[in-house]
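Report on one structure; see the data block that follows.
None of the values given here were measured: they were computed from a predicted structure.
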Amino acid sequence: MTRVQDHAHLFDLDPDLADAVPDEDRERAGRLAVVPVRRVDAGPLGDLTVLGAGAELGLLVLGGVFARHVDVRGSAAIELFGAGDLLPAPATAPHAEPTVPHGVRWAALIPGGVAVLDARAAAVAGRWPGIVVELLRRTRERADAEALRFAVSRVTRVDDRVESVLRLLAERWGRVRGDGVHLDVRLTHEVIARLVGARRPSVTSAVQRLIGAGRLTRTDRGTYVLLQSSSASANGGSAVRVA
């Protein structure tokens, strides 16, 4: 379910985009860059059209965690998006028949919001291309992070895959505390399985082994804590630590 909030100034929502505009133009660009904002409850989002048509540049995530599920011949993968990421613009016309039949669906794992980068935002970005450069920089960083996660998904041991992917996610959504890194995103075993390229029963067994080895624990809220233990890096260096 989505809820429309009145239009807001893009630079107030994402100050880093304001920094991409020359100082002398920032106030004027900020007045022009007014965008629709949608608040999103947790749950399925279909093909994103529910978040707003006319998002010519895409949908800028303001908060929450969004998941893109891609299903191919009974197998599935997943990507996670968070604040500052750009979701693709909802399709407005039928696409050509894909070479590999697949299905794509979206969901919000954590409630949040998006800014609709519509024609007005596109016009502002065209006038001050530094905004586009900043969005492309973020897209490149996301591609690099996804390449690393894909490499992790090729690690042989499922235990190491699970721990390493959780640590990668914790670099973005984790909070360091005295007992370890708290990953404040509720991930089911099915979601983790899609992230690491494994079957759900294998992930369940891997999580149990990691908990038994003192490398991981689970909170009452269903979130995970990556424990600060020397054993976390004693498996061929495959575990990725939070800096």
Say you draw a straight line from [atom1] of [X] to [atom2] of [Y]; how long is it, rounded to the nearest 0.5 Å?
X: Trp106; Y: Ile78; atom1: CH2; atom2: CD1; result: 10.0 Å
X: Asp14; Y: His9; atom1: CG; atom2: NE2; result: 15.0 Å
X: Thr204; Y: Arg209; atom1: OG1; atom2: CZ; result: 10.5 Å
X: Glu171; Y: Leu183; atom1: CD; atom2: CG; result: 11.5 Å
X: Asp19; Y: Ile131; atom1: CG; atom2: CD1; result: 11.0 Å

Over all atoms of both residues, closest heavy-atom pair of [X] and [Y]:
X: Asp71; Y: Ala76; result: OD1-CB, 3.2 Å
X: Arg218; Y: Leu187; result: NH2-O, 4.0 Å
X: Ala125; Y: Leu57; result: CB-CD1, 4.0 Å
X: Val114; Y: Leu62; result: C-CD1, 3.8 Å
X: Leu109; Y: Ala42; result: O-CB, 4.2 Å
X: Val35; Y: Ala121; result: CG1-CB, 3.9 Å

[X] side chain to [Y] main-chain N or O, any donor-acceptor pair under 3.5 Å?
X: Thr223; Y: Thr219; answer: no
X: His7; Y: Val34; answer: no
X: Arg186; Y: Gly222; answer: no
X: Arg161; Y: Val196; answer: yes

Hey, is [X] close enough to [Y] for a salt bridge, meaning N to O under 4.0 Å?
X: Arg26; Y: Asp23; answer: yes
X: Arg120; Y: Asp118; answer: no
X: Glu134; Y: Arg138; answer: yes
X: Asp160; Y: Arg167; answer: no
X: Glu146; Y: Arg149; answer: yes
X: Asp16; Y: Arg137; answer: no

Given Leu51, Leu60, Leu59, the one that forms side chain to side chain contact (heavy atoms under 4.5 Å, CB included) with Val116: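 Only one option passes, and that is Leu59.
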For Arg68, the option from Leu45, Val104, Leu48, Leu80 that meets side chain to side chain contact (heavy atoms under 4.5 Å, CB included):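 For Arg68, the side chain to side chain contact (heavy atoms under 4.5 Å, CB included) check succeeds only for Val104.
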Beyond-backbone contact of [X] with [Y], side-chain heavy atoms, under 4.5 angstrom:
X: Leu10; Y: Leu117; value: yes
X: Leu17; Y: Trp128; value: no
X: Thr188; Y: Arg194; value: no
X: Leu166; Y: Leu210; value: no
X: Asp85; Y: Phe66; value: no
X: Leu227; Y: Thr217; value: yes
X: Val158; Y: Arg199; value: no

Step-by-step side chain to side chain contact (heavy atoms under 4.5 Å, CB included) determination, Arg127 to Arg28: CA-CA 11 Å; Arg127 191 164 188 174; Arg28 184 181 181 189; 3.0 Å; yes
Can you get from [X] to [Y] by hopping between Ile, Leu, Val, Met, Phe, Trp and Tyr side chains that sit under 4.5 Å apart?
X: Val132; Y: Leu87; value: no
X: Val165; Y: Leu148; value: yes
X: Ile211; Y: Val162; value: yes

Side chain to side chain contact (heavy atoms under 4.5 Å, CB included) evaluation trace for Trp173 with Ile110: CA-CA 12 Å; Trp173 290 295; Ile110 293 179; over 6 Å; no
Test side chain to side chain contact (heavy atoms under 4.5 Å, CB included) applied to Leu86 and Val61, step by step: CA-CA 6 Å; Leu86 197 62; Val61 180; over 6 Å; no
Whether over 12 other heavy atoms sit under 6.0 Å from Glu190 CD: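 More than 12 within 6.0 Å, yes.
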Arg142 to Phe81 six-membered ring, cation-pi geometry met (6.0 Å, 45°):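 Positive - Arg142 is close enough to the ring of Phe81 and near enough to its axis.
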Side chain to side chain contact (heavy atoms under 4.5 Å, CB included) between Leu216 and Glu163, worked out: CA-CA 8 Å; Leu216 185 71; Glu163 183 180 13; over 6 Å; no
